[in-house]
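Bear in mind the structure is a predicted one, so any value in this text is a computation, not a measurement. Index from 1, following the sequence.
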Amino acid sequence: MAAAIADFLRAAGLDPDQGELAGTPERVARAWSEELLVGQGAGPAELLGGLPPVDESGGQELVIFTGITFTSCCPHHLLPYPGRAHLAFRPTTHLAGFGELARLVRGLGARLVLQETLTAEIAAALESVLGASAAACVIDGWPMCVATRGAREPGSRVRTASYRGDYAGDGSTHPDLRLFLDAVETAGRESAR
């Protein structure tokens, strides 16, 4: 990877061994392999780890978790983009701690993936791995490809949403979703302060 970055810099008319670029190919290779692509190949069940089953007294209770920060990379332009994920679900078979849920978001995000795809994959993981009867994921992302090229709209935000199980289809009027979307809006206002 470092050799490819050095070739890229040379192709751009730069010398990767001179001045501030000295060591850049190695730093870029480490950033991509140890951080930006660390989730490549990791599956939802692996990221969530061993999950305890829902006991008879628990389960089916609404869980809302907002403001999970992550960084992902656009597969079209190879530019990183920061985001915040918001989750809602009703577990039926397995429980996940909040740390595991954050690891799920960050792990699935740490790869080359479109925001729309990431949103759908997180909601699907809540449904399939936790056995959630209803699952929702909303992601607010700040795409660097939109901010730095093409439209050049710095500060623009893209919101994507995926609803599964009882929240899908005509479940859009489900009372949980209003509560969830209110929590998402509150989290957005609080993070803007």
Side-chain angles (χ1 to χ4, degrees), residues 32 35-48 62-91 96-130 132-169 171-174 176-193:
W32 280 89
E35 295 173 43
L36 297 173
L37 295 179
V38 74
Q40 203 72 40
E46 175 187 350
L47 291 166
L48 286 169
L62 175 63
V63 176
I64 296 175
F65 188 10
T66 62
I68 305 166
T69 59
F70 68 91
T71 302
S72 194
C73 288
C74 168
H76 293 163
H77 302 100
L78 301 182
L79 292 172
Y81 64 90
R84 272 187 204 283
H86 315 282
L87 315 176
F89 60 97
R90 288 186 172 273
F98 300 125
E100 284 86 5
L101 294 171
R103 187 169 53 240
L104 172 71
V105 168
R106 291 184 181 128
L108 291 179
R111 55 200 177 112
L112 297 174
V113 62
L114 291 173
Q115 182 176 325
E116 303 93 300
T117 303
L118 177 60
T119 306
E121 289 175 346
I122 292 169
L126 296 173
E127 184 180 43
S128 66
V129 179
L130 299 182
S133 60
C137 178
V138 170
I139 291 181
D140 292 318
W142 291 267
M144 296 306 296
C145 53
V146 174
T148 61
R149 55 165 311 283
R152 294 190 190 273
E153 288 293 331
S156 61
R157 176 182 74 174
V158 174
R159 176 169 283 181
T160 52
S162 180
Y163 305 106
R164 309 278 299 208
D166 293 345
Y167 298 156
S172 63
T173 59
H174 197 289
D176 284 1
L177 286 182
R178 177 58 18 224
L179 185 63
F180 171 55
L181 294 174
D182 288 346
V184 169
E185 291 307 315
T186 299
R189 284 192 301 274
E190 289 173 357
S191 69
R193 290 184 200 166

For Val129 and Ala45, the nearest pair of non-hydrogen atoms, with its separation, is CG2-N, 4.0 Å

If every non-hydrogen atom of Tyr167 is compared with every non-hydrogen atom of Ala88, which pair is closest and at what distance?
CE1-O, 4.1 Å

Between Phe89 and Phe180, is a side chain to side chain contact (heavy atoms under 4.5 Å, CB included) present by the stated rule, with each step listed?
CA-CA 9 Å; Phe89 60 97; Phe180 171 55; over 6 Å; no

Check whether Thr186 reaches the backbone of Asp182 with its side chain - one donor and one acceptor, N or O, closer than 3.5 Å.
yes

Trace of the salt bridge (Lys or Arg N to Asp or Glu O under 4.0 Å) decision for Arg90 with Asp166
CA-CA 9 Å; Arg90 288 186 172 273; Asp166 293 345; over 6 Å; no

Closest heavy-atom pair, Thr119 versus Cys137, reported as atoms and distance to 0.1 Å, is CG2-O, 3.3 Å

Criterion side chain to side chain contact (heavy atoms under 4.5 Å, CB included) on Asp140 and Val158, from CA distance to verdict:
CA-CA 6 Å; Asp140 292 318; Val158 174; over 6 Å; no

Ignoring hydrogens and geometry, is there a side-chain-to-backbone donor-acceptor pair from His77 to Leu79 under 3.5 Å?
no

Do you know the tightest heavy-atom contact between Leu118 and Phe70?
CD2-CE1, 3.6 Å

So, for Ala125 and Pro44, which heavy atoms are closest and what is the spacing to 0.1 Å?
CB-CB, 3.5 Å

Gap between atom CD of Glu116 and atom CD1 of Ile139 - 0.5 Å precision
9.5 Å

Glu185 meets the side-chain contact (heavy atoms from CB on, under 4.5 Å) criterion, sequence neighbours left out, with Arg159, Arg189

Which pairs of donor and acceptor atoms, one on a side chain in residues 101-108, lie under 3.5 Å apart (sequence neighbours left out)?
from: Arg103; atom 1: NE; to: Leu47; atom 2: O; distance (Å): 2.7
from: Arg103; atom 1: NH2; to: Leu47; atom 2: O; distance (Å): 3.4
from: Arg106; atom 1: NE; to: Thr69; atom 2: O; distance (Å): 2.8
from: Arg106; atom 1: NH2; to: Thr69; atom 2: O; distance (Å): 3.4
from: Arg106; atom 1: NH2; to: Thr69; atom 2: OG1; distance (Å): 3.4

Determine yes or no for a side-chain-to-main-chain donor-acceptor pair under 3.5 angstrom, with His86 supplying the side chain and Gly67 the backbone.
yes

Phe65: what forms a ring pair (Phe, Tyr, Trp, His ring centres under 6.0 Å) with it, not counting sequence neighbours?
Phe98

Any residue meeting salt bridge (Lys or Arg N to Asp or Glu O under 4.0 Å) with Glu127, in chain and number order, not counting sequence neighbours:
Arg164

Whether the side chain of Gln40 engages the backbone of Leu37 through a donor-acceptor N/O pair (distance < 3.5 Å, no angle test) should be reported.
no

Scanning both residues in full, the closest heavy-atom pair of Ser72 with Gly109 reads OG-O, 2.6 Å

State, with a plain yes or no, whether a side-chain heavy atom of Ile122 is found less than 4.5 Å away from one of Ser162.
no

Verdict with supporting geometry, Val138 and Leu181, side chain to side chain contact (heavy atoms under 4.5 Å, CB included):
CA-CA 9 Å; Val138 170; Leu181 294 174; 4.2 Å; yes

Given Leu87, which of Ile68, Val184, Ile64 fulfils the side-chain contact (heavy atoms from CB on, under 4.5 Å) condition?
Ile68

Salt bridge (Lys or Arg N to Asp or Glu O under 4.0 Å) against Arg84, all qualifying residues, sequence neighbours excluded:
none

Counterpart residues, side-chain hydrogen bond (donor to acceptor under 3.5 Å, both in side chains), relative to Gln115 (two or more places apart)
Thr160

OH/Tyr81 to SG/Cys74 distance, rounded to the nearest 0.5 angstrom?
7.5 Å

